[in-house]
Trainee: 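Shown below is the structure under consideration.
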Amino acid sequence: MSERTIKAVLTIAGSDSGGGAGIQADLKTFSALGVFGKTIVTSITSQNTFGVQSTYNLPIKIIEEQFRAILDDKKCQAVKTGMLGNEETVLLISKMIKKGRFKNIVVDPVVFSSSGKRLLTTNGVKMLKECLLPIASLVTPNLKEAELLSGIKIKSQADRKRAARIILKSGVGAVLITGGHLRGNPEDLLLDEKGCQVFSSDRLSKVDIHGTGCVFSAAIAAKLTHGAFLRKAVHGAKEYIGEAILGRVASGNGNDCAEPFAVIYREKEKSQSIYDLENAL
Ligand code: PXL
């Protein structure tokens, strides 16, 4: 039997029973991008494509046990955090990430679900700023999360830059303010020690697609796992999230979900049609 080693990435996040966001979206993204996903579940949410009905934050002891098991085995090349729930979990995760001497730490500072349910307490946000950001490589807030992390209202492009500069002062390696909620085209703004870079694209959907934040940050983590430098990883992930939005699916009767396997389905369809064509000749 042949044994194949594969690069691994760890996601620390909540479970989305509907399958469109959280741990489920992260794992699909990792597999689609050719990295092995490991998980630490922080919270169990009951939800469908209409929204989040309830959340249950797991006891700290159970989160810690999952993390111990991960630390006792081969090292992951990157780690991504999503829904953390409360300040106790944020503190524990920050301590364990430090202990594990991880590199490539991507923090998606999930505070609200797309349907408006609170997924991280106010004290949790404070703890995230104080303990998790100083050890992270990248934080990927949307506009609302960037306002909470920076403490300023964001109305203009200049405000976004100012907010990114304030968040960078927390000690995080880089800040990527995502532009999905901007009017007009979704411009993402990256600020790191080298300065600002804007990643532009056309608007691919007029409505909110469930799971885009999770899939985007998971794709960045996957690219870093493969060894890409940050700006290259963001660029690649931006192209990938575009495909996932274009290939969005109606998995339920509510909102559409981003489809992490959209690229693979498209490639499969292409090779199937070449195969059909060859057979027809
Ligand atoms: O999209 C943010 C998010 C992250 N994680 C979980 C979620 C959501 C949004 O609903 O449910 C578990």
Side-chain angles (χ1 to χ4, degrees), residues 9-30 37-59 62-63 66 79-87 89-90 93 105-122 124-125 128 132 136 138-149 176-182 186 188 205 207-222 237-238 240-241 244-245 248-260:
V9 52
L10 170 66
T11 172
I12 306 168
S15 163
D16 168 0
S17 56
I23 288 269
Q24 288 81 355
D26 291 348
L27 279 181
K28 290 179 219 179
T29 303
F30 296 156
K38 302 186 185 186
T39 60
I40 291 175
V41 182
T42 55
S43 183
I44 296 177
T45 74
S46 300
Q47 62 175 298
N48 53 29
T49 53
F50 293 106
V52 179
Q53 281 84 49
S54 66
T55 64
Y56 176 80
N57 293 332
L58 290 181
I62 294 183
I63 300 173
Q66 295 175 73
V79 49
K80 180 216 142 155
T81 68
M83 175 187 178
L84 298 177
N86 57 37
E87 67 180 303
T89 301
V90 176
I93 294 304
I105 302 155
V106 178
V107 173
D108 181 8
V110 175
V111 182
F112 295 101
S113 72
S114 26
S115 55
K117 184 102 175 163
R118 186 127 202 161
L119 302 179
L120 179 64
T121 58
T122 308
V125 176
L128 187 132
L132 190 51
L138 174 71
V139 62
T140 62
N142 60 28
L143 287 181
K144 204 165 173 188
E145 291 157 354
E147 287 188 338
L148 284 173
L149 293 177
L176 179 67
I177 302 184
T178 60
H181 295 110
L182 283 174
D188 301 331
S205 165
V207 292
D208 257 0
I209 307 295
H210 185 54
T212 46
C214 302
V215 173
F216 189 29
S217 51
I220 298 172
K238 176 93 178 159
Y240 174 81
I241 188 63
I245 292 172
R248 61 188 174 267
V249 289
S251 59
N253 293 321
N255 292 324
D256 285 352
C257 294
E259 175 48 76

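Whatever order the structure lists them in is the order used to number ligands and atoms, beginning at 1. Model, not experiment: these values are computed from the prediction.
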Trainee: Under 3.5 Å, is there a donor-acceptor pair between the Ser43 and Asn57 side chains?
Mentor: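 Yes, a side-chain donor-acceptor pair sits under 3.5 Å.
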Trainee: When you measure from atom 11 (O) of ligand 1 to every protein heavy atom, which one gives the shortest distance, and what is it?
Mentor: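 Checking every protein heavy atom, the shortest distance to atom 11 (O) of ligand 1 gives Gln47 NE2, 2.4 Å.
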Trainee: Closest by any non-hydrogen atom to atom 10 (O) of ligand 1: pick that one out of Ser17, Gly51, Ser113, Ala21.
Mentor: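 Looking at heavy atoms only, the winner is Ser113.
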Trainee: Apply side-chain contact (heavy atoms from CB on, under 4.5 Å) to Leu120 and Val110, showing your working.
Mentor: CA-CA 7 Å; Leu120 179 64; Val110 175; over 6 Å; no
Trainee: Looking only at protein heavy atoms, identify the closest one to atom 8 (C) of ligand 1 and say how far it is in Å.
Mentor: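 Result for atom 8 (C) of ligand 1: Leu119 CD1, 3.6 Å.
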Trainee: Which heavy atom in Val215 sits nearest to a heavy atom in Pro260, and how many Å separate them?
Mentor: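 The answer is CG2-CG, 4.1 Å.
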Trainee: Checking a contact table here: which protein heavy atom is nearest atom 5 (N) of ligand 1, and how many Å away?
Mentor: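 Closest protein heavy atom to atom 5 (N) of ligand 1: Gly22 CA, 3.6 Å.
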Trainee: Which atom names give the shortest non-hydrogen contact between Gly51 and Ser115, and what distance separates them?
Mentor: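 Nearest heavy atoms, Gly51 then Ser115: CA-OG, 3.6 Å.
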Trainee: Hey, which atoms in ligand 1 end up nearer than 4.0 Å to a heavy atom of Gly14?
Mentor: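 Those qualifying, in numeric order: 12 (C).
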Trainee: How far is atom 4 (C) of ligand 1 from its nearest protein heavy atom, and which residue and atom name does that atom have?
Mentor: Cys214 SG, 3.6 Å
Trainee: What closest approach, in Å, do Met83 and Thr42 show between heavy atoms, and which atom pair accounts for it?
Mentor: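 Heavy atoms only, the tightest pair is O-OG1, 2.7 Å.
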Trainee: Near His210, which atoms of ligand 1 are under 4.0 Å from a heavy atom of that residue?
Mentor: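 This gives 9 (C), 10 (O) as the contact atoms.
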Trainee: When you check the side-chain N and O atoms of Thr29 and Asp26, is any donor under 3.5 Å from an acceptor?
Mentor: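 The answer is no; no qualifying pair exists.
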